[in-house]
Amino acid sequence: MSEKLRTDPQIEDPDDFYARLIDLHQGLSCDESNSLNCKLILLMANHIGDREVLFEVLDVVRNYRPQK
Amino acid sequence: MPGVRQIYPFARPPELDSDDRVHLPVIIVGAGPIGLAMGLELDHQGIRSIILDDDNKASTGSKAMLWSKRSLEVLDRLDCSQRLLDKGVTWNLGKIFFGDSKEPVYGFKVLEEEDQQFPGFINLQQYYVEQFLKDEIDARELTEVRWENEVTAVDQTADGATVTVSTPQGNYQLDCDYVIAADGSHSPIRKMLGFDFEGETFQDHFLIADIKMKADFPTERWFWFDPPFNRGQSALLHKQPDDVWRLDFQLGWDIDRAEELKPDNVSRRVRAMMGEDFEFEFEWVSIYTFQCRQMDRFVHQRVIFIGDAAHLVSPFGARGANSGLQDVDNLGWKLALILDGKAPPSLLESYDYERVTAAKENILSSTRATDFITPKSEISRVFRDAVLALARDFEFARRFVNSGRLSVACILDESSLNTRDQDSFDSKLVPGSPSVDAPVTINGEESWFLKSIGNEFTAVYFARNGEKAPDGATDLEEDAIPVRTIVVTEDNKAGAGILIDHKGLLRQRLDGQPGTYYLFRPDQHLVARWREFDCQAVRDAVARATMQPRRIVQEGEPV
Ligand SMILES: Cc1cc2nc3c(=O)[nH]c(=O)nc-3n(C[C@H](O)[C@H](O)[C@H](O)COP(=O)(O)OP(=O)(O)OC[C@H]3O[C@@H](n4cnc5c(N)ncnc54)[C@H](O)[C@@H]3O)c2cc1C
């Protein structure tokens with residue numbers, strides 16, 4: 001039911017990005033990580049900009065249930 | 001302590017000594033800023049009213065102190081803006097501080113666009129505004145204010161209402177066509193008639209300390225998130241006239257009110273914020289909590305609610321009195337047309353729709369500000385602080401910072417009074433927007449565009465070279481609901497009565513290509529516009545804007 005949000009693989013070398021993401025939190029307390037995640041979300045959200053895509057992202061995570 | 005406050009003496013109402021029943025077009029209950037402005041508005045519309053107030057003085061404490069550009073424009077239409085401007089403190093720059101840093105995170109301008117008569121805001125104690133309004137009322141004929149006249153009952157009849165008034169020397173009754181309830185947030189009238197006032201109370205306290213001091217701080221609005229002198233809370237600093245400064249400290253929910261109000265404790269807070277070595281006196285100290293509430297409907301047959309009686313917002317955004325003045329702006333001309341028999345009583349439905357919508361917008365805006373200032377959850381606080389941290393370097397993050405979105409005029413774009421655009425216009429204005437301003441010259445004198453429109457339906461016609469008003473425009477001045485057409489040109493040598501757009505800004509702001517015709521309501525909101533003047537189209541638009549029984553139905557509109 002996705003309209004505009006791309007959920008097909010987009011990131012080149014996912015292992016590399018994933019490792020950097022986890023590295024970012026290295027040695028941080030839970031509070032610090034939380035704060036960092038918020039900044040991450042805000043920067044990425046601004047980059048996306050498109051309201052429809054952003055709202056769709058919110059819907060996807062709100063309704064997301066892990067499948068058995 | 002604020003010695004400037006005026007006391008208004010009780011005067012014995014003639015009704016106490018006569019058996020004749022007086023019938024008035026309008027009775028206004030409450031002489032706060034909104035009730036007084038309402039009286040003045042009706043006076044300008046030629047409608048007589050009596051304003052009844054249970055008290056005998058202007059507001060206690062400075063209360064509303066930020067008056068918006070739109071409020072100044074409304075008051076200018078009522079010939080009452082100059083004293084506010086002269087006395088008030090004009091400012092246009094806000095600064096946001098966060099945490100321990102003495103440097104602001106960023107600064108912002110309230111009014112981006114120059115070349116308008118009024119600044120984004122002025123600061124002025126509420127009691128001054130009330131006094132200026134009262135003086136202006138006294139200088140005119142049609143409005144009377146009665147102090148220490150408490151309304152104790154309102155009885156609606158089929159075609160009017162009876163108001164029972166209690167005074168120190170006895171009770172009496174008055175009859176009227178309409179009652180306007182401007183009796184404040186606790187509105188006794190609302191309670192007497194059993195109407196709802198739904199919304200929420202916020203679990204927070206704020207301490208206001210208005211202090212008098214000599215200081216050379218710049219005239220700017222300073223807002224702190226989580227400063228060292230008020231950890232985990234917010235604070236605000238604002239300048240008022242008479243060397244008075246408004247300090248506002250967020251205190252949180254669990255406080256000991258009496259303890260916080262002790263002068264020593266307030267002084268300690270003031271010194272922590274402003275520094276140890278300076279002299280000051282208290283002008284007004286108060287603790288407030290706040291609520292966001294509104295009535296479902298503002299019009300209940302012959303009783304119409306305006307101001308805080310109808311809607312209540314948090315102070316963030318200064319949307320209380322400023323939105324009340326927009327109620328006045330909206331209601332005055334409609335009620336006058338109804339009382340003159342030129343529009344059906346159902347025109348009040350549009351006041352209800354337009355101002356209920358505006359109140360919802362204001363409450364939404366003020367609730368969002370509250371959620372940013374006082375995050376309701378741990379993650380909400382983390383996001384808030386992340387926004388503030390990013391705001392130092394990133395413009396996009398500044399857009400999220402919300403210390404109160406300062407009051408602006410509501411755009412009535414969904415109103416059924418508007419005639420939809422058939423042509424396209426490259427202008428920020430849409431039908432329903434209040435007009436923009438621009439510098440103009442008329443009869444050799446520099447003036448402002450907004451000064452030439454309003455109080456009645458007014459149109460502007462962007463003339464082709466050397467052209468006068470279009471054929472038929474003068475006929476419109478003779479209609480039952482007249483339309484006055486103003487001719488605009490950029491030609492500096494144009495004759496008497498012609499509006500000269502000497503900087504070309506009006507053309508630019510309205511996309512006024514030659515031949516364009518803009519029609520404004522008496523409250524200066526745009527209601528229809530065309531690329532070519534067409535007399536019948538203008539008449540249809542006026543009929544629509546005044547809800548005449550026989551009017552053209554727009555496509556898609558329920559009949
Ligand atoms: C601390 C604080 C700061 C604020 N700052 C701002 C700001 O910066 N900008 C802004 O726009 N707004 C601000 N506001 C809100 C603003 O003060 C109110 O919105 C404004 O006073 C509402 O005006 P009003 O005329 O509707 O009601 P009120 O000012 O409450 O007037 C109602 C009047 O009705 C009278 N009355 C009541 N019952 C009766 C009766 N039965 N018979 C006769 N008379 C009666 C009362 O005595 C009173 O005079 C602030 C408010 C507070 C508390």
Side-chain angles (χ1 to χ4, degrees), chain A, chain B residues 96-101 103-108 223-228 231-234 252 361 364-365 367-405 411 413-414 428 430:
Chain A
M1 65 162 272
S2 171
E3 310 268 323
K4 264 185 146 180
L5 175 70
R6 302 194 63 167
T7 50
D8 54 321
Q10 292 291 310
I11 297 171
E12 222 178 286
D13 199 351
D15 290 351
D16 179 50
F17 174 70
Y18 191 79
R20 284 169 194 259
L21 192 59
I22 301 303
D23 264 1
L24 206 57
H25 290 272
Q26 196 66 46
L28 298 188
S29 69
C30 203
D31 281 353
E32 288 163 338
S33 274
N34 234 341
S35 160
L36 190 142
N37 276 339
C38 287
K39 290 177 188 146
L40 207 59
I41 293 169
L42 291 166
L43 273 159
M44 289 179 169
N46 182 62
H47 182 85
I48 296 170
D50 188 325
R51 274 162 70 91
E52 281 176 52
V53 178
L54 290 172
F55 292 172
E56 227 182 296
V57 172
L58 298 183
D59 277 344
V60 168
V61 292
R62 181 184 296 120
N63 300 324
Y64 185 73
R65 297 271 181 285
Q67 285 170 9
K68 295 232 173 85
Chain B
I96 301 287
F97 296 83
F98 176 43
D100 293 331
S101 173
E103 290 302 309
V105 180
Y106 70 97
F108 63 94
F223 193 99
W224 286 264
F225 291 98
D226 192 19
R231 265 277 102 93
Q233 310 282 9
S234 65
E361 189 177 303
L364 180 67
S365 161
T367 304
R368 285 174 170 173
T370 313
D371 287 343
F372 193 86
I373 293 165
T374 313
K376 300 288 177 292
S377 67
E378 183 52 24
I379 191 67
S380 166
R381 195 192 54 76
V382 179
F383 264 113
R384 200 273 311 265
D385 290 353
V387 163
L388 287 164
L390 292 174
R392 212 176 290 273
D393 294 319
F394 300 108
E395 173 66 32
F396 88 85
R398 294 177 189 172
R399 306 287 181 93
F400 288 124
V401 176
N402 192 344
S403 65
R405 301 266 177 254
I411 295 171
D413 53 344
E414 301 279 320
K428 277 190 203 152
V430 295

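- Interatomic distance, L5(A) CG to E52(A) CD, rounded to the nearest 0.5 Å: 11.5 Å.
- Side-chain contact between P375(B) and F383(B) is absent, with no heavy atoms from C-beta onward closer than 4.5 Å.
- Within residues 37-46 of chain A, the residues having any heavy atom closer than 4.5 Å to a heavy atom of chain B are C38(A), K39(A), I41(A), L42(A), L43(A), N46(A), listed by residue number.
- Residue-environment remark: CZ (R231(B)) exceeds the threshold of 12 foreign heavy atoms within 6.0 Å.
- For the side chain to side chain donor-acceptor pair (under 3.5 Å) test, no residue two or more places apart in sequence or in another chain qualifies with E414(B).
- With values rounded to the nearest 0.5 angstrom, I48(A) atom CD1 is found 12.0 Å from K4(A) atom NZ.
- At a heavy-atom separation below 4.5 angstrom, chain B is approached by N34(A), S35(A) within residues 9-35 of chain A.
- Note: T374(B) OG1 to Q233(B) CD = 7.0 Å, rounded to the nearest 0.5 Å.
- Interface residues of residues 385-400 of chain B toward chain A, defined by a heavy-atom distance below 4.5 Å and sorted by number: A386(B), V387(B), A389(B), L390(B), F396(B), F400(B).
- From F225(B), atom CZ reaches atom CZ of R381(B) across 13.5 Å, with rounding to the nearest 0.5 Å.
- The aromatic rings of F97(B) and W224(B) sit parallel, their planes meeting at an angle under 30°, below the 60° perpendicular limit.
- Atom NZ of K376(B) has more than 12 neighbouring heavy atoms from other residues, nucleotides or ligands inside a 6.0 Å radius.
- The shortest non-hydrogen separation linking S403(B) to I96(B) is OG-CD1, 3.7 Å.
- The side-chain heavy atoms of F98(B) and V401(B), taken from C-beta on, include no pair separated by under 4.5 Å.
- For the pair D226(B) (side chain) and G232(B) (backbone), a donor-acceptor distance under 3.5 Å is present.
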**Request:** For salt bridge (charged side-chain N to carboxylate O under 4.0 Å, His left out), just list the numbers for R368(B) and D371(B), CA-CA rounded to whole Å, side-chain angles, deciding distance to a tenth of an Å, and then say yes or no.
**Result:** CA-CA 5 Å; R368(B) 285 174 170 173; D371(B) 287 343; over 6 Å; no
